[in-house]
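Right, one structure below, let's go through it.
Within every chain, numbering begins at 1; the chains are lettered A, B, ... in the order of the sequence lines, protein sequences first and strands thereafter.
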2 protein chains.
Amino acid sequence: MFQITNSLTIKVLKEVTPGFDFAVSIDCVLFGFDGSELKILLIERNEEPFKDWWALPGNLVNEDESVDQSAQRILKELTGLGDIYMEQYYAFGDVNRHPQGRVISVAYYAMLRLGGDKPLKPLSNYAKKAQWVNVASLPKLGFDHQHILNKGLEKIKRRIKHLPLAFELLPEKFTLTQVQSVYELILGKKLDKRNFRKKILSFKVLKELEEKQRGVSFRAATLYKFDKRKYNKLFGKEISF
Amino acid sequence: MFQITNSLTIKVLKEVTPGFDFAVSIDCVLFGFDGSELKILLIERNEEPFKDWWALPGNLVNEDESVDQSAQRILKELTGLGDIYMEQYYAFGDVNRHPQGRVISVAYYAMLRLGGDKPLKPLSNYAKKAQWVNVASLPKLGFDHQHILNKGLEKIKRRIKHLPLAFELLPEKFTLTQVQSVYELILGKKLDKRNFRKKILSFKVLKELEEKQRGVSFRAATLYKFDKRKYNKLFGKEISF
DNA sequence: ATATAACGTGTATTTTTTACACTAAGTAAT
DNA sequence: ATTACTTAGTGTAAAAAATACACGTTATAT
């Protein structure tokens, strides 16, 4: 159909409408909590640009998928994690944010419970590996990912004041002290123990269990679980810490 | 350089990296208040697709501009309005949202005071005209613009509870009843007059003027103006109505 | 038995939110 | 000038929420 008469390296030659020469990518900011530290899920890249750098799990959107679908696929491919509800929070569109062309990136965040149950295994070779990294000691990240991450942190800081997002970070059974730790880490400040408990229990979305912690030094705390049923009824109510 | 050996209509023939065949567009949701009704700025389109339909002011992002810059340019071209701070709120990326190809749209909103001072004059011929339209009686909109607009409304509903956005909609001098009207329109519910005034004055961002309304039937109300200085100091404080 | 370290609890004060109804002032019509 | 009309403008009491603050309890480790 087309005859190419010069010797340039041409990747694909194709009919193009002006304006249709952008790429769209997804970047995922996954927050995790291991019981004491706030973590972010990063990958070690195996492709240019930024090969061998740490970066947020991210890649280009395909033509036949919505950006929401794409976010799910990309997270799965790069980290092995599936079935995670992520929420879109911002589109990054500076001209030179990507060294290989004009790429707009749509960022998503999610909160995730950590634990041996969810192994991190990249399914594609875009990533060498995926790993949870302490937010307080991040490596240098590729692209504008530090900026994307900072905006994500700001976002959850605001969100957690109004929604009990913290439970998504915690294991099924948790102590009130752990809940408080999550809030303190995300908000970056200490909270009063008695007032915190009064408040968090007043929403009536926690169910006290008969059970106590096991295998801890010193006094074991009572375990609670999150009652999603009751949480859904609460929807829209304002919460602040 | 290239020799085309068939007869298809080809708009541009160009080197393409796979993935780089998206377009990115901007859509602007501008809210206005004329003293009694909440309005949205719409254009009547003069280009396919959806020629002759009403739609949000929107167009494709150029390669050499950031999405933020693009939002400013597009708004100016389609409505004649410049120098308006718009905030990005969501990226819409369903596969079939645009009939001519894969277009991701980044949506922005702003609040604007209405008045003869800001004439609406499209500078490009993408729009036949721009016009403020009552939110309560919208025409059918092209693309997924009704959806984009609905999300924008939800957004400002949440925002106005925490920030005094209402003042951006009002003229320089306004009455407390007007402020209350804006809140009631956006929140979609009636508020108690005494409690509203107590609350809005408690932030101390309004300055009472010596002046009263002119040219109204019945008793004239005291005029106030917004004190941006004091507002900036307030930043971060939570407000709720 | 004792030391340790985290658990778990209550009250008083202040601040904020809510509910609620009438008088005052200016305009328009007669 | 009187009257009718319409919107402006105001206060208080009760309930709810937020804040400040300290010590006895309990399981573990030595």
Q: Specify the residue among B/Arg194 and B/Ala220 whose closest nucleotide of DNA chain C lies further upstream toward the 5′ end.
A: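 Result of the comparison: B/Arg194.
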
Q: Test side chain to side chain contact (heavy atoms under 4.5 Å, CB included) on B/Phe167 and B/Leu206 and set out the steps.
A: CA-CA 10 Å; B/Phe167 305 113; B/Leu206 296 190; 3.4 Å; yes

Starting at atom [atom1] of [X], determine the distance to atom [atom2] of [N], rounded to an integer number of angstrom.
X: B/Leu191; N: C/dC20; atom1: CG; atom2: C1'; answer: 15 Å
X: B/Lys212; N: D/dA8; atom1: NZ; atom2: P; answer: 11 Å
X: A/Glu184; N: C/dA6; atom1: CD; atom2: P; answer: 13 Å
X: B/Arg214; N: C/dG26; atom1: CZ; atom2: P; answer: 13 Å
X: A/Gln213; N: D/dT28; atom1: CD; atom2: P; answer: 11 Å
X: B/Asp192; N: D/dA8; atom1: CG; atom2: P; answer: 14 Å
X: A/Phe196; N: D/dA18; atom1: CZ; atom2: P; answer: 13 Å
X: A/Leu176; N: C/dT9; atom1: CG; atom2: P; answer: 9 Å

Before we go on, tell me: are the rings of [X] and [Y] under 6.0 Å apart, centre to centre?
X: B/Tyr90; Y: B/Phe92; value: yes
X: A/Tyr108; Y: A/Tyr89; value: no
X: B/Tyr224; Y: B/Phe174; value: no

Any protein N or O atoms within reach of nucleotides 22-24 of chain C? Criterion: under 3.5 Å, listing atom names and distances.
residue	atom	partner	partner atom	Å
C/dA24	N3	B/Arg219	NH1	2.8

Q: Kindly check if the number of other-residue, nucleotide or ligand heavy atoms within 6.0 Å of OH (B/Tyr126) is above 12?
A: no

For nucleotides 12-15 of chain D, give me every protein contact, N/O to N/O, under 3.5 Å, one pair per line with atom names.
residue	atom	partner	partner atom	Å
D/dT12	O4	B/Lys198	NZ	2.9

Q: Rounded to the nearest 0.5 Å, what's the gap from OG on B/Ser181 to NZ on B/Lys190? Could you check?
A: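 One gets 7.0 Å once the value is rounded to the nearest 0.5 Å.
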
**Q.** Nearest-nucleotide 5' precedence on DNA chain D, A/Phe218 against B/Ser217
**A.**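 Comparing both residues, the 5'-ward one is B/Ser217.
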
**Q.** salt bridge (Lys or Arg N to Asp or Glu O under 4.0 Å) between B/Asp144 and B/Arg97, worked out
**A.** CA-CA 6 Å; B/Asp144 52 353; B/Arg97 58 170 300 284; 2.8 Å; yes

Give a yes/no on whether any side-chain N or O of [X] is located under 4.0 angstrom from OP1 or OP2 of [N].
X: A/Arg197; N: C/dG8; answer: yes
X: A/Thr222; N: C/dG8; answer: yes
X: B/Lys199; N: C/dT17; answer: yes

Q. Taking the side chain as C-beta and beyond, is there a heavy-atom pair between A/Gln88 and A/Val106 under 4.5 Å?
A.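 When only atoms from C-beta onward are counted, A/Val106 and A/Gln88 do touch, with a gap below 4.5 Å.
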
Q | Min side-chain heavy-atom separation A/Ser25-A/Asp27 under 4.5 Å | A |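 The answer is yes; the side chains approach within 4.5 Å.
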
